[in-house]
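In what follows, a single structure is set out as structure tokens and then discussed.
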Amino acid sequence: MEYFTVSCQRRGSVSVDGLYQGENTNGDTLRVFQCSAGLHDISLECRLGQRCREMTQRVLISRTNAIVPMVIRFFCELQQ
């Protein structure tokens with residue numbers, strides 16, 4: 001198993017290869033997600049005002065562990 005977090009200035013919904021995994025944070029703490037090793041499409045959907053914005057990155061995830069997960073960073077617009 002491989003481990004990763006999704007970092008962003010906003011809270012959002014995380015999907016791996018199109019399958020919803022949950023919110024990127026638990027309160028103020030980044031949530032750690034699990035997946036198999038390999039190339040994955042990681043998506044973050046953030047609400048900006050009344051609309052949602054989905055962003056996707058294709059990422060190779062390997063050689064991680066639960067203590068030091070890979071950090072996948074997304075940059076959301078802070079304005080509506």
Backbone N or O of Leu19 within a donor-acceptor pair of the Gln21 side chain at under 3.5 Å? yes

Kindly say whether Gly12 contributes a backbone atom to a donor-acceptor pair with the side chain of Asn24 at under 3.5 angstrom? yes

I'd like to check Phe4 versus Ile42 (side-chain heavy atoms, cut-off strictly below 4.5 Å). Are they in contact? yes

Spacing of CE belonging to Met70 relative to CZ belonging to Phe33, to within rounding of 0.5 Å: 15.0 Å

Contacts of type side chain to side chain donor-acceptor pair (under 3.5 Å), residue Arg11, not counting sequence neighbours: Glu23

Test side chain to side chain contact (heavy atoms under 4.5 Å, CB included) on Glu54 and Ser13; report intermediate values, then the result. CA-CA 9 Å; Glu54 183 174 349; Ser13 300; over 6 Å; no

Correct closest heavy-atom pair for Met1 and Cys35 would be SD-O, 3.3 Å

For residues Gly22 and Arg31, report the shortest heavy-atom separation together with the two atoms involved. CA-NH1, 3.2 Å

Val6 side chain reached by Leu30 side chain, heavy atoms, under 4.5 Å: no

Glu2 side chain vs Thr64 backbone, donor-acceptor pair below 3.5 Å: yes

Do Val14 and Val32 land in one hydrophobic cluster if side-chain heavy atoms of ILVMFWY residues count as linked below 4.5 Å? no

Do Met55 and Leu44 have side chains that get closer than 4.5 Å, going by heavy atoms? yes

What one should report as the nearest heavy-atom pair of Phe74 and Thr56 is CE2-N, 4.1 Å

Note, Ile72 side chain near Ile61 side chain (heavy atom, < 4.5 Å): yes

Which residues satisfy the side-chain contact (heavy atoms from CB on, under 4.5 Å) test with Asn65, sequence neighbours excluded? Ile67, Val68

